[in-house]
Number of protein chains: 2
Amino acid sequence: MTGQVRTVDGRVAGKRGQATRQKLLDCLSEMLSSSPYRDVKVIDVARRAGTSPATFYQYFPDVEGAVLELAEEMAAESGALTELLEGRSWTGRAGWQTAQELVDGFLEFWRRNDAILRVVDLGAAEGDKRFYKLRMKILNSVNSSLAASVAELQSKGRLDKDVNPGAIAGALVAMLAAVASHQKGFSSWGVKQAELKPNLALLVHLGVTGRKPTK
Amino acid sequence: MTGQVRTVDGRVAGKRGQATRQKLLDCLSEMLSSSPYRDVKVIDVARRAGTSPATFYQYFPDVEGAVLELAEEMAAESGALTELLEGRSWTGRAGWQTAQELVDGFLEFWRRNDAILRVVDLGAAEGDKRFYKLRMKILNSVNSSLAASVAELQSKGRLDKDVNPGAIAGALVAMLAAVASHQKGFSSWGVKQAELKPNLALLVHLGVTGRKPTK
DNA sequence: CGGTAAGCTGACGGCATGACAGGACAAGTG
DNA sequence: CACTTGTCCTGTCATGCCGTCAGCTTACCG
C-alpha cells in the first residue's frame with residue numbers, strides 16, 4: 001500500500017533521508033505544541049532539527065504539507081478508538097460504563113494529540129478537503145460505531161423513528177472533540193475536569209439511548 | 001466605557017482615521033472568509049483597502065491584534081443570543097420549541113460570523129487568554145441561561161442531584177459551536193442540513209431536561 | 001576505486017514585517 | 001487669505017523568512 005517515500009523532486013528516500021524527514025516531523029510537532037500555528041516557520045523547524053530550510057523543502061512542499069503528514073500518522077493510530085465501542089452494550093449498567101469509557105478514552109486521545117488536532121480542525125473548518133477528510137477518517141471509527149448503536153436501538157423500537165443516527169453520532173462526537181479542545185475554558189467557568197467527564201458521559205448516554213443511565 | 005480610539009503611537013483617531021481603520025477591519029474580515037488564517041498577510045489587507053501596510057500598523061499591532069478587535073465587535077453583538085433563551089419554558093411542547101429555536105438561532109449566528117469564530121476558537125484552543133476570554137464572553141449569554149435552566153429543573157427534583165449544570169450547559173454549547181463549524185463535514189457524512197437541526201434540538205432538550213421532548 | 005544516486009546547504013531574488021520621518025490634508029485662527 | 005496645528009498617510013529602509021537552484025558531499029555498489 002504505502003509506496004516508497006519520495007522527496008519533492010522525485011528521488012526515493014533512503015535510510016538517512018527518512019531519518020531526517022522524521023526528525024523534521026518530530027520537531028514540527030514540538031513547535032506546534034509550543035507556539036501558535038500561525039507563527040510556526042519553516043526556518044525554526046529546520047533549525048531545531050539541526051538542518052537547513054532547503055532540506056525541509058526537499059521533503060515537504062510547505063508547513064501545511066508536513067502537518068498533513070503528521071495528521072496522517074495520527075489518523076492511523078486513531079483506529080484504536082474503535083476498541084472503545086466494539087462489542088459494547090448500551091443497556092443497563094453496562095451502558096453507563098460504555099459511555100464513561102468512551103468519554104475517558106476519547107478525551108485522552110485528544111489530549112495526547114491536541115496540537116495537531118487543533119490544526120486539523122482549523123483546516124477542516126476552513127473548508128480544506130484534505131483536512132476534513134482526515135478529520136472524518138480520525139472520527140469515523142467512533143462515529144460509525146455510535147451511529148450503528150443508535151440505529152440498532154431504533155430498529156428495536158426503543159427510539160423515535162425520526163431520529164437520524166448519523167446526525168446524533170456526529171453531534172456527540174463533535175461535542176467530545178470540542179470539549180476536549182477547550183478544557184481550559186471549562187475550568188475558568190468553574191467546572192472541574194473531574195466533574196466534566198461524568199456529565200459528558202451522561203449526555204452521550206442520553207443521546208444514544210434516549211434514556212438516563214442506570215448507575 | 002469605550003475610551004477614544006487610539007493609534008498604536010498614541011494619537012487620538014479622528015473621523016477620517018476611524019473610517020480608514022474600519023475599512024481595514026472590513027477588508028480583514030473579507031480576507032478571513034476567503035483564505036486560510038495562516039495566509040492572511042498585512043500587505044493583502046492593506047492593498048484591498050486601497051492603502052499601505054504602514055497605515056495598517058498605525059492602527060493595529062499585527063494581524064492578530066486586528067482580529068481581536070473584530071472579535072470584540074462580534075462579542076458585543078452576541079448579547080442578542082440571550083433572547084433565544086430569556087423567559088423560555090422547557091416544559092411540554094414549549095420546551096421542544098425552545099430547543100429548536102435555540103439551535104436555529106445559534107447556528108445562524110455562527111454561520112454569519114464563522115470566519116472570525118474559527119480564529120477565536122483556534123486562539124482559545126492554543127491557550128491564548130485573550131481569545132478564550134473572548135470566547136467565554138460570546139458563549140456566556142447562552143451558557144449561563146442554559147445552566148440556570150438546568151439548575152432550576154434540578155432544584156425541582158426533576159434531574160439527578162449529581163448533574164453539574166455548568167458542565168452540561170458548557171458541553172451543549174460546545175456541541176452547537178462545533179457542529180456549526182463543521183457542517184460541511186456532516187454533509188459529506190451523508191447527513192443533510194435540514195436533518196441536522198432537529199437532532200441537535202433533541203440532544204439539547206435531552207441534556208437540559210433529561211427527557212424526550214413532546215412534539 | 002570510480003560511478004551513480006541520495007542527501008545537504010549556501011546563496012539569491014522576492015516579499016512581509018515593523019519602524020520612522022516627512023509630506024498631504026482638514027480645520028480653525030488672525 | 002496666509003498661517004498654524006494636529007491628524008493622517010506613505011516612501012523608504014533594515015531585517016528576516018520564503019522557496020528555489022546549482023553544486024558540493026556522502027553513501028552505496030559493482
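Chain naming here is simple, since letters A, B, ... match the order of the sequence lines and numbering starts at 1 in each.
- A/Y37 does not carry A/R118 over the face of its six-membered ring by the limits of under 6.0 Å from the centre and within 45° of the normal.
- The separation between B/R47 atom CZ and C/dT17 atom C1' is 14 Å, rounded to whole Å.
- Heavy-atom nearest nucleotides on DNA chain D were determined for A/A54 and for A/V42, and the one closer to the 5' end corresponds to A/V42.
- A straight line from NZ of A/K23 to C1' of C/dG7 spans 15 Å, rounded to a whole angstrom.
- Separating the CG atom in B/L107 from the CG atom in B/D114 is a distance of 12.0 Å, to the nearest 0.5 Å.
- Each of B/V63 and A/G10 lies near DNA chain C, and the nucleotide nearest A/G10 is the one positioned closer to the 5' end.
- Across all strands shown, A/Y59 has heavy atoms under 4.0 Å from sugar-phosphate atoms exclusively, and none from any base.
- Rounded to an integer number of Å, the gap from NZ of B/K15 to P of C/dA26 is 12 Å.
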Go through it in stages, so that I can follow the logic: the residues are A/R111 and A/E108, the test is salt bridge (Lys or Arg N to Asp or Glu O under 4.0 Å), and I'd like the CA-CA distance, side-chain angles, deciding distance and then a yes or no.
CA-CA 5 Å; A/R111 203 190 53 69; A/E108 172 57 20; 3.2 Å; yes

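- Residue contacts shown for A/R11 include a base, since a base heavy atom lies under 4.0 Å away.
- Map A/P53 and B/R16 each onto its nearest nucleotide of DNA chain D; the residue landing nearer the 5' end is B/R16.
- Contact annotation for A/R6: no contact, since no heavy-atom pair falls under 4.0 Å across all strands.
- A salt bridge is defined here as a Lys NZ or Arg NE, NH1 or NH2 lying under 4.0 Å from an Asp or Glu carboxylate O, and B/R38 with A/E64 fails to meet this definition.
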